[in-house]
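Just so it is clear, the model here is predicted, and its values are computed rather than measured. The chains referred to below are lettered A, B, ... by the order of the sequence lines, with proteins before strands, and numbering in each begins at 1.
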2 protein chains.
Amino acid sequence: MRLSTKGRYAVTAMLDLALNGVDGPVTLAEISENQGISLSYLEQLFASLRAKELVRGVRGPGGGYYLGRSADDISIANIICAVDEWVEFTRCGGRKNCSGGERCLTHSLWDDLSSEIFDFLTKISLGDLIRRGEHKKADKAAHLSVVNDEGSRAA
Amino acid sequence: MRLSTKGRYAVTAMLDLALNGVDGPVTLAEISENQGISLSYLEQLFASLRAKELVRGVRGPGGGYYLGRSADDISIANIICAVDEWVEFTRCGGRKNCSGGERCLTHSLWDDLSSEIFDFLTKISLGDLIRRGEHKKADKAAHLSVVNDEGSRAA
DNA sequence: TTATTACCAAGTAAATTAGTAGGAAATGTT
DNA sequence: AACATTTCCTACTAATTTACTTGGTAATAA
């Protein structure tokens with residue numbers, strides 16, 4: 001698992017798309033404006049996202065992007081994997097007596113950790129993030145306070 | 001939260017240190033040999049780890065590194081933060097009507113996700129990883145073992 | 001027909017990663 | 001005291017990745 005700024009850009013853009021794409025497609029120009037990401041970089045990111053069918057593009061005036069499927073069916077891991085090019089970390093394949101030997105122990109430990117993080121991010125969907133945001137928004141709008149529900153954490 | 005190969009190197013090295021440092025300090029040369037990380041790069045990483053007091057160096061012959069504190073008191077997040085230089089992602093500080101406005105919503109959502117991942121990695125200690133590895137080792141010892149050695153690969 | 005949008009490819013500047021080189025400062029051993 | 005070993009420190013560099021730029025082509029609604 002890899003978690004870089006590139007992945008964040010992608011998650012942020014997808015979140016923007018999910019939030020603003022409820023009625024009609026969202027253009028990359030809008031997302032670029034909203035999130036301060038260059039248009040061309042977004043194009044690169046969306047090329048990857050489109051390849052994994054996480055988004056669907058519509059050309060021409062009034063066009064833009066839709067989510068490729070329901071926000072509840074798109075996990076954060078999906079998004080990050082689409083743009084971040086899964087990097088194999090254990091380079092023991094070619095190294096002397098790595099398999100079986102002790103020196104690979106740390107590698108397999110890291111692999112376990114890595115897939116645990118992956119599982120974690122797999123369980124969080126775009127839909128989850130949106131609902132979490134709606135709670136926040138509602139709280140703010142109603143000027144309520146003390147509703148301390150499970151997901152939201154004060155910072 | 002950031003999770004790069006640099007962080008992995010650090011976690012792997014710390015794991016190596018924790019595993020091999022039970023009786024006496026471990027030299028960076030050993031870790032370099034074990035993990036296939038260049039000595040100088042390890043020196044850089046350990047400079048950061050030392051600054052956060054996650055390791056303690058002993059100079060001279062027979063010297064090397066100890067863990068700065070108990071393996072149970074060192075979280076994966078500690079390690080990654082030490083070497084990875086926490087990057088503030090939300091760049092809204094200077095951007096027009098970002099605070100309060102809708103355009104910051106995705107940012108705060110990402111922040112929540114980010115700190116959730118951070119919490120997750122905070123709850124996993126080096127000690128946890130080691131214990132997990134010991135279980136694996138026991139399994140393996142009973143089996144022993146397919147030597148999966150493929151000869152040449154460019155170093 | 002035209003403007004608008006996705007889509008595509010090549011190149012580049014900036015940042016980060018990973019490694020080199022050449023030391024100096026401690027410290028145990030001889 | 002001399003020496004080898006090791007951390008510690010600085011500066012440089014190659015490779016890679018990130019983020020952006022430029023200059024298009026293709027589809028499509030108006």
| Which atom pair, heavy atoms only, marks the closest approach of A:Leu54 to A:Asn78? |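 Nearest heavy atoms, A:Leu54 then A:Asn78: CD1-O, 3.7 Å.
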Answer yes or no: does a side-chain N or O of [X] lie under 4.0 Å from OP1 or OP2 of [N]?
X	N	answer
B:Arg2	C:dA15	no
B:Tyr41	C:dT16	no
B:Arg50	D:dC8	yes

Please report, rounded to the nearest Å, how far the [atom2] atom of [N] is from the [atom1] atom of [X].
X	N	atom1	atom2	answer
B:Gln44	D:dT7	CD	P	15 Å
B:Leu45	D:dC9	CG	C1'	15 Å
A:Ile37	D:dT21	CD1	C1'	16 Å
A:Leu42	C:dC7	CG	P	13 Å
B:Leu49	D:dC9	CG	P	14 Å
B:Arg8	C:dT16	CZ	C1'	15 Å
A:Glu53	C:dC7	CD	P	13 Å
B:Ile31	D:dC8	CD1	P	12 Å

| request: Nearest-nucleotide wise, let me know which of B:Gly60 and B:Ala47 is further upstream toward the 5' end of DNA chain D. | output: B:Gly60
| request: Tell me which of A:Gly64 and B:Glu43 sits closer to the 5' end of DNA chain C, going by the nucleotide each one is nearest to. | output: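 Its nearest nucleotide being more 5', the pick is A:Gly64.
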| request: Just say parallel, tilted or perpendicular for the rings of A:Phe120 and B:Phe120, cut-offs at 30° and 60°. | output: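 A:Phe120 vs B:Phe120 ring planes: parallel.
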Any idea which of [options] is nearest the [X] side chain?
X	options	value
A:Ser4	D:dC9, D:dT18, C:dG11	D:dT18
A:Lys6	D:dA27, C:dT17, D:dA19	D:dA19
B:Tyr65	D:dC8, D:dT21, C:dT20	D:dC8
B:Ser40	D:dT21, C:dA26, C:dA21	C:dA21
B:Tyr9	D:dT18, D:dC8, C:dA18	C:dA18
B:Pro61	D:dA4, D:dT7, D:dA29	D:dA4
B:Asp84	D:dT21, C:dT20, C:dT17	C:dT17
B:Arg59	C:dA18, D:dT6, D:dA19	D:dT6

| Which part of the nucleic acid does A:Leu28 contact within heavy-atom distance under 4.0 Å: base, sugar-phosphate only, or nothing? | sugar-phosphate
| message | Within the 4.0 Å heavy-atom criterion, would you say B:Phe46 contacts the bases, only the backbone, or no part of the nucleic acid? | response |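 Since no nucleic acid heavy atom lies under 4.0 Å of B:Phe46, the category is nothing.
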| salt_bridge(A:Arg8, A:Asp84) N-O dist < 4.0 Å | no
| field | Pair A:Glu116 + B:Arg132, salt bridge at N-O below 4.0 Å | value | yes
| task | Please check if the side chain of B:Ser38 supplies one atom and the backbone of B:Tyr41 the other of a donor-acceptor pair under 3.5 Å. | result |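 At least one qualifying donor-acceptor pair exists.
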| field | All side-chain contact (heavy atoms from CB on, under 4.5 Å) counterparts of B:Glu30, not counting sequence neighbours | value |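 Only B:Val26, B:Thr27 meet the side-chain contact (heavy atoms from CB on, under 4.5 Å) criterion with B:Glu30.
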